[in-house]
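Below is one structure, written out as structure tokens; comments come after it.
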Amino acid sequence: IPNPQSPIPNIQGFIFDLDGVLTDTAEVHYLAWKKLADEEGIPFNREANEALRGVSRRASLMLIIGDRTYSEVQIQEMMERKNRYYVELIQNMTPKDLLPGAIALLDELRQAGIKIGIGSASKNARTVLERLGIVDKVDAIADGYSVQEPKPAPDLFLYAAKQLGIKPEQSVVVEDATAGIDAALAAGMWAVGLGPVARVGAAHVVLPSLAGIKWADLRDQLISASHSQTH
Ligand code: B16
Ligand code: MG
């Protein structure tokens, strides 16, 4: 029985985060930051890297240096150095680096007439999409150059929806980071979180990954989520 208080979502587009959703560049970012941290004699490990998920380049560096003092010139130089290491490493990426289920869902959504956008904090998003061979499968790219305010601000996803020509309430964001889920909710969009509830539990739908995920199932889960919402 439909609940008139909870309109069935009219989904017209999907906005995918890139790192941690379509591909696992978190490890590549880790290797680049680790090289920089080693050179600077700053302790850094994979556990500390988890806190950098979805966090902008500058904010990531700030978390790594902690209360050590560096000049603005040194900060800029370290950001550039880390990025050189990262750019070098992503040249080795291929379509094999797409996460399980990503291509199948993208293709299924496209066939269903649903628009596809990318909402990534990364300034290297375009290069990564090219290396993954999926540039032709996306209708819009919002990346590290698109807006000023990083996630958890809604700006990046609102920019992507505008590019797609759809409204926030017609958009589904797929994210792996807490800041990304918060950004999607702040934008008034549907949020699908990938990963542990401790990280993405605020999302309308939480999934372990995109592996085996069908649009019909996802739509049903979003409809149930809309019914349990209070307006
Ligand atoms: P860059 P996403 C984010 O991408 C990464 O998760 C984060 O680790 C990285 O620091 C950030 O992009 C900026 O990337 O240094 O390449 O501009 O998860 O929003 O796709
Ligand atoms: Mg991410």
Side-chain angles (χ1 to χ4, degrees), residues 14-37 44-65 75-91 93 97-99 102 106 116-132 134-135 138 140-160 173-184 186-187 189 191-196 199-200 202-203 206-210:
F14 266 62
I15 302 167
F16 289 90
D17 173 51
L18 185 57
D19 296 341
V21 169
L22 298 180
T23 186
D24 189 14
T25 38
E27 177 65 15
V28 188
H29 281 293
Y30 167 71
L31 294 172
W33 283 126
K34 177 65 178 161
K35 186 166 178 185
L36 177 89
F44 184 62
N45 56 29
R46 284 197 167 75
E47 198 194 327
N49 188 59
E50 275 302 298
L52 311 185
R53 206 174 264 275
V55 173
S56 73
R57 195 184 308 170
R58 190 186 180 91
S60 296
L61 178 61
M62 292 307 156
L63 288 171
I64 291 168
I65 64 181
I75 286 168
Q76 288 298 333
E77 185 280 323
M78 286 191 283
M79 284 167 61
E80 280 159 29
R81 198 181 344 151
K82 180 269 178 179
N83 193 54
R84 277 205 307 278
Y85 300 151
Y86 181 72
V87 168
E88 209 176 293
L89 288 167
I90 58 175
Q91 304 311 319
M93 290 183 83
D97 292 302
L98 280 160
L99 284 170
L106 283 182
I116 308 285
I118 298 293
S120 168
S122 176
K123 290 189 164 152
N124 298 295
R126 246 166 222 283
T127 311
V128 172
L129 292 170
E130 278 163 17
R131 300 301 311 157
L132 294 173
I134 56 171
V135 174
V138 306
I141 301 172
D143 63 13
Y145 295 104
S146 304
V147 297
Q148 285 293 316
E149 286 294 306
K151 305 169 192 176
D155 307 39
L156 187 75
F157 292 139
L158 291 171
Y159 179 96
V173 168
V174 186
E175 257 289 351
D176 69 312
T178 309
I181 298 296
D182 293 346
M189 298 178 177
V192 174
L194 303 186
R199 196 171 76 208
V200 294
V206 176
L207 302 170
S209 76
L210 291 180

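Note that ligands are numbered from 1 as they come in the structure, with each ligand's atoms numbered from 1 the same way. Note that this is a predicted model, so its numbers are computed, not measured. In what follows, residues are counted from 1 in the order of the sequence shown.
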Any side-chain donor near an acceptor of the partner, Asn83 and Asn124, under 3.5 Å: yes
Shortest non-hydrogen contact between Asp176 and Asp19, atoms and distance: OD1-O, 3.1 Å
Side chain, backbone, both or neither: the part of Ser60 lying under 4.0 Å from ligand 1 by heavy atom: side chain
Which residue and heavy atom of the protein sit nearest atom 15 (O) of ligand 1, plus the separation: Arg57 NE, 2.7 Å
Sub-4.5 Å side-chain heavy-atom contact between Val128 and Leu132: yes
Residue Asn124 vicinity, atoms of ligand 1 by number, heavy atom under 4.0 Å: 1 (P), 16 (O)
Polar proximity ligand 1 side, Lys151 side, N/O cut 3.5 Å exclusive: yes
Minimal non-hydrogen separation, Lys151 against Gly180, with atom names: CD-CA, 3.9 Å
Ser120 N/O to ligand 1 N/O under 3.5 Å: yes
Side chain to side chain contact (heavy atoms under 4.5 Å, CB included) between Met93 and Thr25, worked out: CA-CA 9 Å; Met93 290 183 83; Thr25 38; 3.9 Å; yes
Side chain, backbone, both or neither: Lys123 near ligand 1, heavy atoms under 4.0 Å: both
Intermediate values then yes/no, side chain to side chain contact (heavy atoms under 4.5 Å, CB included), Leu129 and Leu18: CA-CA 8 Å; Leu129 292 170; Leu18 185 57; 3.7 Å; yes
Shortest protein heavy-atom distance from atom 19 (O) of ligand 1, along with the residue and atom involved: Ala121 N, 2.7 Å
Thr178/Ile181 under side chain to side chain contact (heavy atoms under 4.5 Å, CB included): CA gap, chis, key distance, verdict: CA-CA 5 Å; Thr178 309; Ile181 298 296; 5.9 Å; no
Heavy-atom side-chain proximity of Lys35 to Leu31 below 4.5 angstrom: no
Any donor-acceptor pair under 3.5 Å from Gln91 side chain to Val87 backbone: yes
Nearest neighbour in protein (non-hydrogen) for atom 8 (O) of ligand 1: Leu52 O, 3.3 Å
Where Ile15 and Gly119 come nearest, the two heavy atoms and their spacing: CG2-N, 3.7 Å
Glu175 to ligand 1, any heavy atom closer than 4.0 Å: no
From Asp17, Asp143, Asp176 - option closest to atom 2 (P) of ligand 1 by heavy atom: Asp17
For the Mg ion (ligand 2), every protein N/O/S atom that sits closer than 2.8 Å, waters excluded: Asp17 OD2, Asp19 O, Asp176 OD1
Over-ring placement of Lys34 relative to Phe44, 6.0 Å and 45° cut-offs: no
Protein contact to atom 10 (O) of ligand 1 [nearest heavy atom, distance to 0.1 Å]: Val55 O, 2.7 Å
Ligand 1-proximal atoms of Leu18, by part, heavy-atom distance under 4.0 Å: both
Glu77 bridged to Arg81 by N-O distance under 4.0 Å: yes
Heteroatom proximity flag, Ser122 to ligand 1, N/O under 3.5 Å: yes
Evaluation steps, side chain to side chain contact (heavy atoms under 4.5 Å, CB included), between Leu158 and Met189: CA-CA 9 Å; Leu158 291 171; Met189 298 178 177; 4.1 Å; yes
Ligand 1 contact on Thr25 by region, counting heavy-atom pairs under 4.0 Å: neither
Contacts of Tyr159 that satisfy ring pair (Phe, Tyr, Trp, His ring centres under 6.0 Å) - sequence neighbours left out: none
Heavy-atom nearest neighbour in the protein, as seen from atom 6 (O) of ligand 1, with distance rounded to 0.1 Å: Gly54 N, 2.9 Å
Identity and separation of the nearest protein heavy atom to atom 4 (O) of ligand 1: Asp19 OD2, 2.8 Å
